[in-house]
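Working notes, structure below.
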Amino acid sequence: MPTPDLELIDVRKSFGGVQAVDNVSLSVQRGEFVSLLGPSGCGKTTLMRMVAGLLKPTSGDILIRGERVNDHAPYQRDISLMFQNYALFPHKTSFENVAFGLKYRGVGLAERQRRVREALKLMRLPDIQDRYPHQLSGGQQQRVALARSLVVNPAVLLLDEPLSNLDKQLRVGMQVELKQIQEASGVTFIFVTHDQGEALAMSDRIVVMNAGKVLQLGSPREVYNEPLSRFVADFLGQSNFFEGHIERTEGSQLEFKTDRGLSFVGIPHSETVSPNGRMTLQIRAERVKLSSSQPRPAANSFKATLERSIYEGTYLIHQLRLEDGCVLTSTEPAGRHLPSKAGSQVWVAIDPEDCRLLVD
Amino acid sequence: MTRPISLPFRSWPVPALLSASRRHPALGAAFLVGPAIAWIMLFAVIPLLLIAAYSFMRSGGSGAIVPIFTIENYSRILTSSLYRRILFESLAIGVESTAITLLLGYPVGYYLGRMKSSVAPFLLLLIVLPFWTSYLVRIFSWLLILMDNGVINWVLSSINATSSPLHLLYSHLGVVIGIVYSALPFAILPIYAVVKGIEQDLVDAAHVLGADEGAAFREVIFPLSLPGLAAAAILTFIYAVGSFLAPAILGGTGAVMISNVIINTFLVLFNWPFACALTVALLLIMLIVLAAAGRLVSLENIYGLRSRV
Ligand SMILES: Nc1ncnc2c1ncn2[C@@H]1O[C@H](COP(=O)(O)OP(=O)(O)OP(=O)(O)O)[C@@H](O)[C@H]1O
Ligand SMILES: [Mg+2]
């Protein structure tokens, strides 16, 4: 296996009593696009700052292209970091901001000008090169900051929420742009985002973090479809969770009984599951099917009251109450048909293939 | 292209007060700005106007002022080589002291401002501590240091560095030393405040983009600290040019400054109109130098802070 571009070995960082980053190990291959996904305060920025050399890890090793860089200053590492708050130089124009990194990597003036212009154009910022940061909108500032970190073409590019301040249209456009740049340049991207959709759409691998720890590491499909913990399942997409236990196993199938007495049958299982331990059943909201009459076969179908439907343009979100009082969320593409009225009786059907058992 | 003189007066609290009063426009503004304006009128504008008016009157001797318009006070300043020389010497001492004070004060303000530990406020306290003792006493202690048989000459001769004492006292250099000593806190404080306010993220961004410590200082910290340096320069210059005690005690007849002459003219010669004319001349010179410096430095140009109207 080739030397990874970036390797973290048991990296920890504590601020006083707070474990901001807790024993993170991670290996990123050249040209990979890795996203750090997690709630606010889970340690994403702290991790990025350690890779950049702006923070010293409390313990653990950081390797860039096989070389241990713990003791290297930021300017001795072949990295570039886009700051979450942009950190644009207020006394320099957009052009000078973007050209800064090139200047200190010894790129000549003519080449510098060419590359800065190209980068600004790529960021859809053609006519602002002589403006100072305070003369730019938030989204423009963000794109200048992005251009500034992209243009130096480092071994590892660290982006801390680079698109958070852009409107949807521009954001999607920039996602495509960034992905293309990344594929064309072969630069390793570490990308921090709050937005799961963005992480799923862009990444080769996603690192889901919480409270300083890596909870799961895998491809977008893996972390979405095969979450290893309730946190990961809950963080990505919208799910229903039922706490309960395994009632019995029959061959490769099992029956799950919720604490309120609902029974789900025919759930496939391959992993060895402890028959009597407490478990959580996860059902994605988009997998909950609604119908007005009882579906056939009748297994895993329940009577429910539609409490309300929320129209979101692309999706309809239904809030349902099962007969046992449980609340269930279901989403479906918003078609032309009118949604059922609030208060009406519906049937909920769940395919056992869509049930996932989680240990916690 | 002409630009307004851009001295850091904008950082005075008046704009903040104005914006706070925006919620209750008329009443609020009058209430907030009123006392300040009254204060300035009473203690700055009116005395100045009086001084300006007296400077165009004739002296009746023994402090009397004859209310007859004349420009002879000014023509005397312009034609007398003595007064021209003293004004020039004051200006020279002002510029030299300001330059030396900034050179010495910048590193101190810089290091205190960049210090992460909580020692910085304590060190700042040490810097302003001498203010708690009498200025007169402090200048007199410099007399003991600079004298022919004072501390400096004693050290120099005991290490055989000099055969005869250096005449530091009653010289231009002695006055500059005294002014620099007492002006340093005025320079250190604004530089400290501005350097401290520079976001660490900006310095970090420079490092991440490949700039080492020196380059980050040149490209980021120094340019961003210029408003503090400008404030320090203005405060120090005004303080230095108007110095009275330092030249009186350390300068003697070797280095006379304009303030000494003004006081002498008021209190010994009792020629109030001429003293007033000298005061106005000093004020004009200061304003001209500050305006020239403001145009030279043009902070707005450095920063691109021209407002987006
Ligand atoms: N300099 C510091 N001193 C003390 N605690 C800190 C410091 N920097 C970060 N922390 C703490 O470390 C934890 C992780 O912070 P970090 O900024 O890495 O979160 P984040 O995942 O980037 O959050 P966000 O998504 O809001 O940007 C937080 O609890 C934060 O309060
Ligand atoms: Mg962050």
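Order of the sequence lines fixes the chain letters, A, B, ..., with proteins taken first and strands second; residue numbering starts at 1 for each chain.
- In this structure, the ring of B/Tyr135 has its center no less than 6.0 angstrom from the ring center of B/Phe244.
- Between A/Arg115 and A/Glu118, no side-chain nitrogen of the basic residue sits less than 4.0 Å from a carboxylate oxygen of the acidic one, so the salt-bridge criterion is not met.
- Between B/Val194 and B/Leu224 the shortest side-chain heavy-atom distance does not fall below 4.5 Å.
- Residue contact with chain A, scored on non-hydrogen atoms closer than 4.5 Å, is absent for B/Gln200.
- By number of non-hydrogen pairs under 4.5 angstrom with chain A, the leading residue of B/Ala216, B/Ala215, B/Ala211 is B/Ala211.
- Contact of A/Leu88 with chain B is made through the backbone alone, with heavy-atom distances under 4.5 Å.
- For B/Ala206, the parts lying under 4.5 angstrom from a heavy atom of chain A are both the backbone and the side chain.
- The aromatic ring centres of A/Tyr104 and A/Tyr75 sit 6.0 Å or more apart.
- The contact between A/Leu54 and chain B is made entirely by side chain atoms (from C-beta outward), counting heavy-atom distances below 4.5 Å.
- Side-chain polar atoms of B/Ser97 and B/Tyr239 form no donor-acceptor pair below 3.5 angstrom.
- Heavy-atom contacts from other residues, nucleotides or ligands closer than 6.0 Å to CG of A/Asp127 number 12 or fewer.
- Contacts of A/Asp78 with chain B are absent, with no heavy-atom separation under 4.5 Å from either backbone or side chain.
- Among the candidates A/Glu96, A/Arg49, A/Gln76, the residue making the largest number of heavy-atom pairs closer than 4.5 Å to chain B is A/Arg49.
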